[in-house]
Amino acid sequence: MQTRRYHHGDLRAALLTRAEETLREKGPATLSLRELARELGVSHAAPSRHFKDKQALLDALALTGFDRLAETLAASQEGIGETFAEQLGAMARAYVDFATANAELLDLMYAKKHDPTASEALVAASQRWGEQLVELIALGQHRGEVRQGPMERVGLPLFATLHGFASLAVSDMLPAEALEHGLDDVIAHMLRGCAPE
């Protein structure tokens with residue numbers, strides 16, 4: 001691995017980028033502010049201007065992860081048709097793509113979200129993607145494409161199904177052929193589950 005030296009600029013961003021690379025390569029246990037400083041060629045005290053400790057770094061990583069997830073899901077809706085099926089399909093594919101490309105980060109995001117010490121900003125960011133799904137369901141209900149009912153009764157099965165499939169895909173528990181066509185089947189199942197009665 002070639003070390004990237006830090007050259008005057010945004011040290012906070014450089015630390016987060018390198019921390020995410022380390023997370024992907026070695027997992028969260030190996031993250032160290034001192035090691036990141038060494039790899040970026042700054043003094044071991046320099047990261048403390050941005051992160052008081054490793055916990056603060058992990059919180060910031062989770063927060064940026066949730067922000068990126070929300071941006072990814074919003075982008076998935078650009079240029080998509082106006083039916084609930086098209087919009088849900090695009091959102092589901094974007095979520096699974098994000099999960100498989102960022103498996104370690106997604107694990108960290110959900111772990112930090114449920115941490116009792118999670119900041120208000122992190123909790124708010126963690127809810128943003130769920131709000132996107134809720135808005136999509138509400139619009140589908142308004143147009144008569146989704147069954148009526150309380151949002152948690154309609155939305156929870158969608159989220160559980162989607163997140164469950166993403167978890168299976170990330171953990172290599174699905175054979176290649178199931179992964180290839182499985183998401184289509186999952187989306188079809190989700191659409192049947194929330195179709196008007």
Side-chain angles (χ1 to χ4, degrees), residues 1 4 12-37 39-40 47 50-76 88-134 136 152 155-176 178-180 182-187 189-190:
M1 174 186 76
R4 293 184 188 165
R12 185 179 193 282
L15 287 163
L16 285 170
T17 298
R18 184 62 200 128
E20 188 172 342
E21 291 167 355
T22 302
L23 179 70
R24 184 175 289 119
E25 295 163 5
K26 303 175 186 173
T30 62
L31 275 174
S32 154
L33 288 172
R34 185 177 289 267
E35 184 63 20
L36 291 174
E39 291 175 3
L40 293 172
H50 303 283
F51 306 107
K52 68 178 182 176
D53 55 20
K54 178 180 172 177
Q55 196 62 44
L57 173 69
L58 292 174
D59 289 348
L61 267 178
L63 179 60
T64 58
F66 278 117
D67 287 343
R68 280 196 349 237
L69 176 58
E71 290 166 10
T72 298
L73 297 181
S76 77
L88 180 66
M91 187 175 282
R93 289 179 200 296
Y95 183 81
V96 171
D97 287 348
F98 182 91
T100 54
N102 301 282
E104 298 81 6
L105 179 60
L106 195 67
D107 281 347
L108 174 69
M109 289 160 54
Y110 283 110
K112 299 308 291 171
K113 169 188 173 185
H114 296 294
D115 188 322
T117 64
S119 69
E120 288 182 25
L122 178 58
V123 171
S126 73
Q127 293 171 347
R128 200 167 312 130
W129 98 263
E131 291 165 359
Q132 290 169 300
L133 182 59
V134 165
L136 185 63
E152 63 273 6
L156 180 60
L158 289 180
F159 171 75
T161 303
L162 181 56
H163 187 65
F165 180 82
S167 296
L168 289 172
V170 165
S171 65
D172 293 327
M173 292 181 67
L174 298 175
L179 190 54
E180 185 177 330
L183 185 54
D184 292 336
D185 296 336
V186 166
I187 292 169
H189 176 76
M190 291 164 62

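In this text, all values refer to a predicted model and were calculated from it rather than measured experimentally.
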Let's go through Leu133 and Leu88 carefully: what are the C-alpha distance in whole Å and the side-chain angles of both, what is the deciding distance for side chain to side chain contact (heavy atoms under 4.5 Å, CB included) to 0.1 Å, and is it a yes or a no?
CA-CA 8 Å; Leu133 182 59; Leu88 180 66; 4.0 Å; yes
Under the criterion side chain to side chain contact (heavy atoms under 4.5 Å, CB included), I'd like the reasoning laid out for Leu23 against Leu108: C-alpha separation, chi angles, the key distance, then a yes or no.
CA-CA 9 Å; Leu23 179 70; Leu108 174 69; 4.0 Å; yes
Please evaluate residues Asp184 and Arg93 with respect to the criterion salt bridge (Lys or Arg N to Asp or Glu O under 4.0 Å), reporting the C-alpha separation (whole Å), side-chain torsions for both, the decisive distance (0.1 Å), and the verdict.
CA-CA 9 Å; Asp184 292 336; Arg93 289 179 200 296; 2.6 Å; yes
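Between Asp67 and Arg128 there is a side-chain heavy-atom pair separated by less than 4.5 Å. Looking at heavy atoms from C-beta onward, Thr22 lies in side-chain contact with Leu36 at the 4.5 angstrom threshold.
Ring to ring, Tyr95 and Phe165 are not that close: their centroids are 6.0 angstrom or more apart.
Between atom CD of residue Gln127 and atom CD of residue Gln132 there is a gap of 12.5 Å, rounded to the nearest 0.5 Å. Distance check: Arg18 CZ to Glu39 CD gives 4.0 Å after rounding to the nearest 0.5 Å. A distance of 7.5 Å separates OG in Ser167 from CG in Asp107, rounded to the nearest 0.5 Å. One finds the CG atom of Leu73 at 12.5 Å from the CZ atom of Arg68 (value rounded to the nearest 0.5 Å). Met91 CE to Thr72 OG1: the interatomic distance, rounded to the nearest 0.5 Å, is 11.0 Å. To the nearest 0.5 angstrom, Met109 atom CE is 9.5 Å from Trp129 atom CH2.
Taking all atoms of both residues into account, the shortest heavy-atom contact from Leu122 to Lys113 is CD2-N, 4.4 Å. In this structure, Leu33 and Pro47 approach most closely via the heavy-atom pair O-CG, 3.8 Å. Between Leu106 and Ala99, the shortest heavy-atom contact is CD2-CB, 3.5 Å. Between Leu16 and Leu61, the closest heavy-atom pair is O-CD2, 3.7 Å. Between Ala60 and Phe51, the shortest heavy-atom distance links the atoms CB-CE2, 3.5 Å. Here the closest non-hydrogen pair linking Ala92 and Leu183 is O-CD2, 4.4 Å.
In this structure, the side chain of Asn102 does not engage the main chain of Leu105 through any donor-acceptor pair within 3.5 Å.
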